[in-house]
Amino acid sequence: MRKNVLDLLPDELVQHLLELGEKEYRAKQILNWIYSKHTIDFSEMTSLSETLRVKLQETYQIGIPKILNKVVSVDGTTKYLLTLQDESKIEMVIIPNGKKNTLCISSQVGCARQCEFCATAKLGFTRNLDTYEITSQVFLAIIELGEEKLTNIVFMGMGEPLDNYENVVKAIRILQHDLCFNFSPRRITVSTSGVIPQISKLADTGLKLKLAVSLNSAIQSKRELLMPISKVYPLTELKKTLIDFRKKTPYRITFEYVMIKDFNIGREDVKALLKYLGDISCKLNVIKWNKVEDLPYETPSAIEIDKFISSMNVLSSAVTFRKSRGIDIDAACGQLATKNIF
Ligand code: SF4
């Protein structure tokens, strides 16, 4: 199969071109066509010689996923069902919010982590996405947005990003490189269920990005019920790792907490959460549970949500109540893959 250029860092492209007997400066020209002019056809790269264009066409591709289905929510959130070259299917979501457009991307086909509340978990795990299958979602979103600017990227779609560590890290390097997508590190968030060894590894790379941790309970036994990963990587160990991660990065860690009626918003849950977060420099994002078919959980009432959020106000950390977006199209948190795929 022809190599996808969206898989390559600029240095690697230079190396490939030198092997083809081309000059180094051609790489910059090609990257400019791809990332500034959004050209995916080598034949349209008119600043390159005819011979080079043919050579590139024979050796490389700039493949992006095909859109199988696109559904727009009443709030403007758009969910895409995409098909990859091997016919695997993934989803990505564009969430507009004022001048901001956030893209939620997938890192795996399915997921192996089996979080109880998550629709993707029900699909099981098929495979990791290649680097270009991650970067090409961003490329596609930029094309889809047209005149509007893509401002933020979150790895919160299908898959546990840190279980696809190498490809995700390389994709982030391409997303941040000034000759490629040129995204600011503070606009890229990786959300994890808490894969401790990979969080430590990430901290040591020096790669700047925002880290979000899907917490959902600060009580070990309850978190184990919701997120089996907690049996392998318990809360106490997770906290130590995150404190260490925080020392090595400029950004505060965000904890995501899905509020589930009669499960994780009671008095003992509040007490445990305040204790867990009390000495970490962090942000807390709470979001209400979105109904997923076949799952037994219920959404809390407005009064219960208010009560839970007010009890968090003693934290020195910023607490935000994230509104669910795209609920009507199953594009909200935890809902990806509930429809469409089968
Ligand atoms: S919440 Fe994330 S890590 Fe857990 S099963 Fe779903 S996609 Fe995987």
Side-chain angles (χ1 to χ4, degrees), residues 79-82 88-93 95 102-129 133-134 137 153-165 167-169 171 188-199 202 209-218 222-235 238 241-242 253-260 263-264 285-297 322 324-327 330-342:
K79 181 168 79 164
Y80 294 83
L81 175 64
L82 308 176
S88 293
K89 292 174 185 57
I90 53 166
E91 293 187 333
M92 72 172 199
V93 184
I95 308 148
T102 300
L103 172 67
C104 176
I105 54 177
S106 294
S107 54
Q108 298 182 308
V109 181
C111 183
R113 288 298 173 183
Q114 296 298 308
C115 299
E116 179 63 22
F117 55 86
C118 172
T120 305
K122 310 297 164 222
L123 298 175
F125 173 69
T126 303
R127 69 171 177 87
N128 283 330
L129 294 190
E133 290 172 325
I134 299 169
Q137 292 173 64
I153 299 168
V154 292
F155 285 76
M156 288 187 189
M158 293 169 71
E160 163 54 66
L162 297 186
D163 281 344
N164 184 12
Y165 182 86
N167 293 342
V168 165
V169 165
I188 298 177
T189 301
V190 170
S191 175
T192 180
S193 55
V195 190
I196 288 178
Q198 309 301 56
I199 296 173
L202 188 60
L209 51 80
K210 287 190 170 174
L211 187 72
V213 176
S214 183
L215 187 66
N216 306 315
S217 178
K222 278 197 186 182
R223 192 167 190 264
E224 283 181 16
L225 286 177
L226 279 181
M227 306 179 73
I229 188 173
S230 216
K231 293 178 192 159
V232 189
Y233 302 125
L235 280 166
L238 179 62
T241 310
L242 293 173
I253 291 162
T254 299
F255 287 92
E256 305 279 348
Y257 199 98
V258 179
M259 294 174 285
I260 303 172
F263 185 80
N264 65 355
N285 255 346
V286 292
I287 187 162
K288 67 179 179 189
W289 162 253
N290 299 308
K291 188 77 188 152
V292 173
E293 254 170 57
D294 301 331
L295 292 182
Y297 302 112
R322 196 151 56 84
S324 297
R325 302 291 306 272
I327 293 180
D330 293 325
C333 184
Q335 289 186 316
L336 289 192
T338 48
K339 287 185 186 160
N340 279 332
I341 286 196
F342 296 117

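Counting starts at 1 for both ligands and their atoms, in listed order.
- When each atom of ligand 1 is checked for a heavy atom of G159 under 4.0 Å away, the hits are 7 (S).
- Taking a cut-off of under 4.0 Å to the non-hydrogen atoms of A121, the atoms of ligand 1 that pass are 5 (S).
- Proximity of a side-chain donor or acceptor of K210 to a complementary backbone N or O of I253 within less than 3.5 Å is not detected.
- In summary, R127 and E133 engage in a salt bridge, as defined by a charged side-chain N under 4.0 Å from a carboxylate O.
- Residue C118 does not count as close to atom 4 (Fe) of ligand 1, with no N, O or S atom under 2.8 Å.
- To the nearest 0.5 Å, atom CD1 of residue I229 and atom CD of residue E160 are 6.0 Å apart.
- Taking 2.8 Å as the threshold, C111 does not count as a candidate ligand of atom 6 (Fe) of ligand 1, since none of its N, O or S atoms lies below it.
- Note: Y165 OH to N128 CG = 14.0 Å, rounded to the nearest 0.5 Å.
- In this structure, atom 4 (Fe) of ligand 1 lies nearest to the protein heavy atom C115 SG, 2.4 Å.
- A donor atom on one side chain and an acceptor atom on the other are not found under 3.5 Å apart for R223 and S217.
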